[in-house]
Number of protein chains: 2
Amino acid sequence: MPKRVDHAERRAHIIDALVRVAAAEGLHAVTMRAVAAEAGMSLNLVQYYFDSKAKLMHAALERLEQQSHQRWSKRLADLPQPPTAHAFIEAFLAEALPTDEASRAFHLVWTSYAVLAMTDRELAAEPFVAGPDRLERQLTDVLSRAQRDGALAGGRDPAAEAARLLALSHGLGTGVLVGQRSAEAAMAILRAHLDQLFDDRLVWSAPRSPVEVTSDGG
Amino acid sequence: MPKRVDHAERRAHIIDALVRVAAAEGLHAVTMRAVAAEAGMSLNLVQYYFDSKAKLMHAALERLEQQSHQRWSKRLADLPQPPTAHAFIEAFLAEALPTDEASRAFHLVWTSYAVLAMTDRELAAEPFVAGPDRLERQLTDVLSRAQRDGALAGGRDPAAEAARLLALSHGLGTGVLVGQRSAEAAMAILRAHLDQLFDDRLVWSAPRSPVEVTSDGG
DNA sequence: ATTTTTATCGTACAGCGGTACTATGAAAAC
DNA sequence: GTTTTCATAGTACCGCTGTACGATAAAAAT
């Protein structure tokens, strides 16, 4: 056996095993032994590369976050540059939906972590609030620009629309995960929503002065 | 000690203890012993009233479902009869959001169960797909009627709107649970969505007979 | 060549979890 | 009044889980 080994690669290998176990049998089935077996190594090695289970769990969450970011970047890069706001957001929403098996696994494990974080003060809740918050700001920016360009349907509040998009995609994602709806059906709903949001067929019935839609934009 | 005891009451008491434990520490913290302690009885009694942990978990899920149904019925009954479609749906959405502590506990535990059901074939996935399906049909009916009455904004598909409302409320609910958004903010977004859905200020660009504004005094 | 470091293995230990077993007073049935 | 049933209690057992503790062989360092 060689002496020097790429620790980062080893750790990634183990975490991938963890995600496979969690996706197949749930986060509660993630034990040091199960992960070791899935990774094809001994229990001791998992201990060796991650001191404790808690650290392993944290590392896995971090990796999931990074991977998600990477996939999102890749999808964005695949868009014709510069992408329209519509295309940009549609790509975003497509990524937020569990379409293929890999995506399904990711979303399932991510959701499991999120539920865990609701009660475990130990587990950083940061990714589950700061992450969406950042996305929401990003979406808000894009929508604001789109609004300036006149691409948005009238009377929309970019921040509110961003929040709505995020909540909607998450709700649909859960529906797909739970087997209530197919990913295609969910995507169709999202596209319809987007079409409405970017639709120029919808106009105000009265000239725009008197109408005040949302309250504050805090 | 008396001999005859109301089993249903006993079981309900135990299940309530389970829900408290699950809401406070997560579903993974639900052990026979923890539930017994929370219920103020011995481990053996929990075994006595529910043969196994699996049956206890199933019973708890059933009770949650029933309670949810009851709360929803009560909320509906509190509405002025007959309720407008707008009021009906707003009441529904308000119930779907974790507003007070009790509601938060319910939604947290329910979500935990849903995540569990994603991997445990044993745990009936039925409540998490048949339930929302039924709600969706109900909403679709209400929206269809509203559309016939001309209360809906133009060009909407009741079924799609029902799915959208359900997904949106669920996504917002998760956001509240996770601490990303306050229940009030979530409710504001939902109300805005509803206002749009029922809004007569939004019409097709092609001129249309003016729809009157139902100023919701109810 | 010896010593140290590193990656790996096996195993042991303590705690907890679900379940099963037995016991015991008290009410109900007879 | 005896027997049966019921609600409750205590406890023991076995398996699993995280963690700790050596052992070992190979590569690196000296």
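Keep in mind that this is a model prediction, so the values were computed, not measured. So you know, we letter chains A, B, ... as the sequences are listed, proteins then strands, and number each from 1.
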Can you find a side chain N or O atom of [X] that sits less than 4.0 Å from OP1 or OP2 on [N]?
X: B/His7; N: D/dC6; value: no
X: A/Tyr49; N: C/dT8; value: yes
X: B/Tyr48; N: D/dA7; value: yes

[X] has an atom [atom1]; how far is it from atom [atom2] of [N], in whole Å?
X: A/Gln47; N: D/dT17; atom1: CD; atom2: C1'; result: 11 Å
X: B/His28; N: C/dG17; atom1: NE2; atom2: P; result: 11 Å
X: A/Asp51; N: D/dA20; atom1: CG; atom2: P; result: 9 Å
X: A/Phe50; N: C/dT8; atom1: CZ; atom2: C1'; result: 16 Å
X: A/Leu45; N: C/dT8; atom1: CG; atom2: P; result: 5 Å
X: A/Leu43; N: C/dC9; atom1: CG; atom2: C1'; result: 10 Å
X: A/Leu56; N: D/dT17; atom1: CG; atom2: P; result: 14 Å
X: B/Met41; N: D/dA9; atom1: CE; atom2: C1'; result: 13 Å

Supply the atom-to-atom distance A/Leu61 CG to A/Arg63 CZ, rounded to the nearest 0.5 angstrom.
->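 Going from CG on A/Leu61 over to CZ on A/Arg63, the span is 13.0 Å.
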
Given DNA chain C, 5'-ward residue of the pair A/Ser42 and A/Arg33, judged by closest heavy atom |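 Looking at DNA chain C, the more 5' nearest nucleotide goes with A/Ser42.
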
In terms of the angle between their ring planes, are A/His193 and B/His193 parallel, tilted or perpendicular, with boundaries placed at 30° and 60°?
->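 If you compare the ring of A/His193 with that of B/His193, the planes turn out parallel.
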
With heavy atoms under 4.0 Å as the rule, sort B/Arg10 into base, sugar-phosphate or nothing.
->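 Touches sugar-phosphate only.
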
Please tell me which of A/Ser52 and B/Gly40 maps to the more 5' nucleotide of DNA chain D, matching each residue to the nucleotide holding its nearest heavy atom.
->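 Counting from the 5' end, the first nearest nucleotide belongs to B/Gly40.
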
Answer yes or no for A/Arg71 and A/Phe106: cation-pi contact, defined as NZ/CZ to six-membered ring centre under 6.0 Å and angle to ring axis within 45°.
->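 Yes, cation above the ring, under 6.0 Å and within 45°.
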
Are A/Leu168 and A/Leu93 side-chain neighbours, meaning at least one heavy-atom pair lies under 4.5 Å?
->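 The answer is no; the side chains never approach within 4.5 Å.
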
Quick one: do A/Arg33 and A/Glu38 make a salt bridge, cutoff under 4.0 Å?
->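 A/Glu38 and A/Arg33: not salt-bridged.
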
